[in-house]
Q: 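There's a structure below that I have some questions on.
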Amino acid sequence: MSFPELFIIAVGLSMDAFAVSICKGASVRKFQKKNVLISGAYFGSFQALMPFLGYILGTRLQHMVESIDHWIAFALLVLIGVNMIHESRENAGTMRDSFSFRTMFPLAVATSIDAFAVGITFAFLKVQIIPAVCFIGIVTFVLSAAGVLIGRTFAAKYKSKAELAGGIVLILMGTKILLQHLGIL
């Protein structure tokens with residue numbers, strides 16, 4: 001997988017965390033600089049951990065599904081992308097302004113589930129996992145930290161646009177993987 005492809009996937013995966021970070025920034029009554037780092041650390045860590053765990057599972061299953069791995073990668077990325085697009089159309093409601101463990105942990109897990117599935121596809125594609133997950137974690141950290149600042153400034157009006165963009169990117173990447181394996185690209 002090339003660096004530009006990995007960058008696109010990292011940005012696509014981080015859109016959920018970015019959108020939630022915007023909402024967190026918009027929900028804060030009293031802004032503290034540490035909230036930027038807390039958001040980045042939670043979301044960046046989980047976006048790095050989950051594809052690593054998915055990769056481990058994927059390598060265990062690889063011998064059983066090697067002949068159809070490109071279809072699995074396509075299906076997972078398209079399903080995740082469609083789900084993100086669907087979520088971009090929903091009204092998220094209000095969000096608690098807390099940055100405590102009880103608030104951030106479930107948000108970090110929820111926004112990184114799709115990264116677990118991507119980790120499985122990384123195993124099928126034989127991606128070098130350590131550099132990939134580190135890069136995904138860093139991109140997510142930066143975007144999540146920026147999201148808090150943006151949310152503080154512009155409120156939650158960009159949340160749905162970020163999720164929509166992330167969903168479209170993942171669908172396009174899944175389609176590209178499938179077309180490459182079918183010899184069309």
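Owing to the predicted nature of the structure, the values given are computational and were not obtained by experimental measurement.
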Q: Kindly compute the distance separating CZ (Phe52) from CG (Leu57), expressed to the nearest 0.5 Å.
A: 12.5 Å
Q: Give the cluster check for Ile171 versus Trp71: same hydrophobic cluster or not, with ILVMFWY residues linked at side-chain heavy-atom distances below 4.5 Å.
A: yes
Q: Please step through side-chain contact (heavy atoms from CB on, under 4.5 Å) for the pair Val20 and Asp16, ending with a clear verdict.
A: CA-CA 6 Å; Val20 170; Asp16 274 352; 5.6 Å; no
Q: Before we go on, tell me: are the rings of Phe3 and Phe135 under 6.0 Å apart, centre to centre?
A: yes
Q: Looking only at heavy atoms, what is the nearest atom pair of Pro51 and Ile129, with distance?
A: O-CD1, 4.1 Å
Q: How far does CG of Leu125 sit from CD of Glu5, to the nearest 0.5 angstrom?
A: 9.0 Å
Q: In the structure I gave you, are the side-chain heavy atoms of Leu149 and Val36 within less than 4.5 Å of one another anywhere?
A: yes
Q: What about Phe105 and Phe43, same hydrophobic cluster or not, with Ile/Leu/Val/Met/Phe/Trp/Tyr joined at side-chain heavy-atom distances under 4.5 Å?
A: yes
Q: If you count every heavy atom of other residues, nucleotides or ligands that lies below 6.0 Å from Gln128 atom CD, does the total exceed 12?
A: no
Q: Rounded at 0.5 Å granularity, tell me how far CE in Met15 sits from OG in Ser21.
A: 10.0 Å
Q: Checking side-chain contact (heavy atoms from CB on, under 4.5 Å) for the pair Val133/Tyr55: CA distance, chi angles, key distance, verdict?
A: CA-CA 10 Å; Val133 297; Tyr55 182 88; over 6 Å; no
Q: In terms of hydrophobic clustering (I, L, V, M, F, W, Y; side-chain heavy atoms under 4.5 Å; direct or indirect links), are Ile138 and Phe7 co-clustered?
A: no
Q: Rounded at 0.5 Å granularity, tell me how far CD1 in Ile56 sits from CG in Leu61.
A: 12.0 Å
Q: Between OG of Ser144 and CD of Gln47, what distance do you get to the nearest 0.5 Å?
A: 7.5 Å
Q: Under 4.5 Å between side-chain heavy atoms, counting indirect links through other Ile/Leu/Val/Met/Phe/Trp/Tyr residues: same cluster for Leu6 and Leu143 or not?
A: yes
Q: Do you know which two heavy atoms are closest between Phe122 and Ala132, and how far apart they sit?
A: CE1-CB, 4.2 Å
Q: Can Val142 be reached from Ile22 by stepping across I, L, V, M, F, W or Y side chains whose heavy atoms are under 4.5 Å apart?
A: no
Q: Closest heavy-atom contact between Ala41 and Ser45?
A: O-OG, 2.7 Å
Q: Check whether Phe99 forms a cation-pi arrangement with Lys24 (NZ or CZ under 6.0 Å from the six-membered ring centre, at most 45° off the ring normal).
A: yes
Q: Let me see the working for Leu107 and Tyr42 under side-chain contact (heavy atoms from CB on, under 4.5 Å), right down to the final yes or no.
A: CA-CA 9 Å; Leu107 288 173; Tyr42 269 100; over 6 Å; no
Q: Considering all heavy atoms of both residues, which atom of Ala17 and which atom of Thr140 are nearest to each other, and what is their separation?
A: CB-CG2, 3.9 Å
Q: For the CZ atom of Phe46 and the CG atom of Leu53, what is their distance to the nearest 0.5 Å?
A: 10.0 Å
Q: Would you check if the side chain of Ser14 reaches a backbone N or O of Val11 as a donor-acceptor pair within less than 3.5 Å?
A: yes
Q: Take Ile9 and Val118 through the side-chain contact (heavy atoms from CB on, under 4.5 Å) test and state the conclusion after the steps.
A: CA-CA 9 Å; Ile9 287 177; Val118 169; 4.0 Å; yes
